[in-house]
Each structure stands twice: as structure tokens, then as C-alpha cells.
Amino acid sequence: MTSRPILTAPDPRLQAVSTDVEVVDDEIRALVADMADSMYAAEGIGLAAIQIGVPKRVLVIDLDQKEGTRNPRAFINPKITWTSEEMAVYEEGCLSVPEIWDDVERPARIKAEYLDEQGDRQILEADGLLATCLQHEMDHLNGVLFIDHLSRLKRSMAIRKLTKAKKLAAAG
Ligand code: K1U
Ligand code: ZN
């Protein structure tokens, strides 16, 4: 298992639409293991494969991280099959949009289907942070960042801040 660098906005690779996994095999399980390592190293609660530069429809989420306990869940080819009319607002962050947090409104409850690491089809009903995190990560698979849900002004301020931070980092 290897922790890999996480792409940060405005890297154009984050806008890619990821493609379905054809077969859940050892290569995909190794990708899931690397994604989990990368997520824990960056102290995140979720990660999409495109955030480490792999345009495949794979997510990992672990909302129950406690001292010494890790339980990453893999979601392969996830699809939302139902969303509630009720909406919920969470303050979101993103490992690919460092140091920016803002409120995003999304459906409060969702139903989704996906393949697990064995390639078995699973069905899930989620609410709370899991519903928010799944929608945030599934947006990544379609090249969408949480800042794309903000006003045009807030989004351009965020991009400007990220671009400036990258320039400063490159200048050493
Ligand atoms: O997609 C990502 O980069 C992961 C992102 C997931 C997420 C967070 C909050 C709302 C929706 C989706 C993160 O993990 S950001 C980091 C984070 O949540 C966190 C970091 C340290 C302590 C507690 C939370
Ligand atoms: Zn994110």
C-alpha cells in the first residue's frame, strides 16, 4: 500500500469524467488500498480515485476514524438511484481544495448502488454526513468540485487563492 500525492485545484485533471471499472480485480483492490492510505495520510474522510490522478469510478470513505481503528469502505461504479426532496446544508472541505470550507446544500437522504471490493452489488440508503460525503465524492467522478456549487464570486475567489498558493509553493 502506498500513499500517493493528491491533486489540487485548479489542476485540469480534476475536471475529468471518470470511467466505469470493467472488472473488480486485484489491480482495483490495490488502487483502493492506495486510496485509503492516501486518504488517511491527508487526514480526510473520503477520496475519489481522480484525486490521485486515476480517472476510474472508485471512492473510499471512512467516517468512523478513531485512534487505531480504520474501516475504509470502497464504492466502485457508484450510482445515485434516489434523492430526497428535503435538503441539508453541511460545511464541506476537500483535500483537493486545501484550506477552503463552505456551506453546500444537497439532498438530505439518498439511495445508491455500487460494487464492493469483491465485485458484489450493494444497495445503500444514507443520510447525514455519509449522504453528503457520498454526493461530494460522486461529484469528483464527474469532474465537479464542491466550490462549483458556490456562487460565481466565491468560486473565483477560491480559485484565485489556490492559484496564488501554488505559485508561492513553486517559487519555494
Ligand atoms: O473529497 C475529499 O477531498 C475528502 C473530503 C470529504 C468531505 C469532507 C466534508 C464534507 C464533505 C466531504 C475531506 O475529507 S476534507 C477533510 C475533512 O473532512 C477533515 C479533515 C480533518 C478533520 C476532520 C475532517
Ligand atoms: Zn473532495
Side-chain angles (χ1 to χ4, degrees), residues 1-19 21 31-80 83-84 86-112 114 124-151 154-159 161-163 165-166 169:
M1 294 195 292
T2 315
S3 167
R4 304 201 213 166
I6 292 175
L7 305 181
T8 55
D11 190 313
R13 287 172 287 181
L14 289 166
Q15 292 172 5
V17 176
S18 297
T19 55
V21 169
L31 170 64
V32 167
D34 281 3
M35 288 172 61
D37 261 19
S38 309
M39 174 182 73
Y40 292 124
E43 300 186 345
I45 55 174
L47 195 78
I50 191 61
Q51 292 179 274
I52 57 167
V54 180
K56 291 185 194 293
R57 299 186 85 82
V58 181
L59 317 174
V60 291
I61 292 179
D62 186 353
L63 300 185
D64 304 313
Q65 297 174 43
K66 293 180 197 85
E67 208 74 1
T69 316
R70 289 179 167 180
N71 189 20
R73 285 173 75 174
F75 299 85
I76 300 164
N77 299 344
K79 284 180 186 61
I80 293 176
T83 57
S84 64
E86 184 197 344
M87 304 292 278
V89 176
Y90 268 88
E91 189 179 43
E92 299 192 16
C94 180
L95 300 173
S96 295
V97 186
E99 291 174 31
I100 292 170
W101 292 81
D102 215 323
D103 286 349
V104 178
E105 187 180 49
R106 301 182 186 270
R109 287 173 288 121
I110 62 166
K111 289 181 186 169
Y114 62 97
L124 168 92
E125 189 160 355
D127 62 7
L129 183 56
L130 180 57
T132 292
C133 195
L134 269 167
Q135 291 175 80
H136 174 118
E137 300 308 334
M138 284 161 83
D139 268 357
H140 276 298
L141 304 183
N142 295 321
V144 174
L145 298 173
F146 84 91
I147 53 173
D148 297 325
H149 291 277
L150 305 180
S151 68
K154 279 190 173 181
R155 188 175 169 277
S156 61
M157 277 166 60
I159 297 282
K161 187 174 169 186
L162 293 160
T163 306
K166 273 195 176 178

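One-based numbering along the sequence shown. Just follow the structure's listing: the first ligand is 1, and inside any ligand the first atom is 1. The shown structure was predicted, so the numbers you read here are calculated from the model rather than taken from an experiment. Worth knowing before you read on, the calculation uses all heavy atoms, side chains too, and leaves out hydrogens, waters and symmetry mates.
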Report yes if the side chains of [X] and [Y] come closer than 4.5 Å at any heavy-atom pair, otherwise no.
X	Y	answer
Thr163	Pro10	yes
Asp11	Lys166	yes
Ile61	Leu134	yes

Check: [X] side chain, [Y] main-chain N or O, donor-acceptor pair, under 3.5 Å:
X	Y	result
Asp62	Asn71	yes
Thr2	Arg4	no
Asn77	Val21	yes
Gln135	Pro107	yes
Asp34	Leu31	no

Tell me: protein heavy atom nearest [atom], and distance?
atom	result
atom 4 (C) of ligand 1	Gly46 O, 3.0 Å
atom 21 (C) of ligand 1	Glu43 O, 3.2 Å
atom 7 (C) of ligand 1	Gly93 O, 3.8 Å
atom 3 (O) of ligand 1	Leu95 N, 2.7 Å
atom 1 (O) of ligand 1	Glu137 OE2, 2.8 Å

How many angstroms lie between [atom1] in [X] and [atom2] in [Y], if you round to the nearest 0.5 Å?
X	Y	atom1	atom2	answer
Lys154	Asp102	NZ	CG	3.5 Å
Leu162	Ile100	CG	CD1	4.0 Å
Leu124	Lys111	CG	NZ	11.0 Å

Regarding ligand 1, does [X] bring an N or O atom to under 3.5 Å of one of the ligand's N or O atoms?
X	result
Trp101	no
Ile45	yes
Leu47	no

Measure the distances from the heavy atoms of Met39 to every atom of ligand 1 and state whether one is below 4.0 angstrom.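 No.
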
Numbering the atoms of ligand 1 from 1, which are under 4.0 Å from a heavy atom of [X]?
X	answer
His140	1 (O)
Gln51	1 (O), 2 (C), 3 (O)
Gly44	14 (O)

Side-chain donor-acceptor contacts of residues 41-60 below 3.5 Å, not counting sequence neighbours, with atom names and distances?
unit_1: Gln51; atom_1: OE1; unit_2: Ala48; atom_2: N; d: 2.8
unit_1: Gln51; atom_1: NE2; unit_2: Ser96; atom_2: OG; d: 3.0
unit_1: Arg57; atom_1: NH1; unit_2: Ser18; atom_2: O; d: 2.8
unit_1: Arg57; atom_1: NH1; unit_2: Leu141; atom_2: O; d: 3.2
unit_1: Arg57; atom_1: NH1; unit_2: Asn142; atom_2: OD1; d: 3.4
unit_1: Arg57; atom_1: NH2; unit_2: Asn142; atom_2: OD1; d: 2.9

Please assess Glu99 against Lys161 for the test salt bridge (charged side-chain N to carboxylate O under 4.0 Å, His left out), listing each intermediate value before the final yes or no. CA-CA 10 Å; Glu99 291 174 31; Lys161 187 174 169 186; 5.0 Å; no

Below 4.0 angstrom, counting only protein heavy atoms, does anything approach atom 23 (C) of ligand 1?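 No, because not a single protein heavy atom sits under 4.0 Å from atom 23 (C) of ligand 1.
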
Counting only protein atoms, how many N/O/S atoms are less than 2.8 Å away from the Zn ion (ligand 2)?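 Protein N, O or S neighbours of the Zn ion (ligand 2) under 2.8 Å, waters not counted, come to 3.
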
Applying a heavy-atom cut-off of 4.0 Å, say which part of His136 lies close to ligand 1: side chain, backbone, both or neither.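 Side chain only.
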
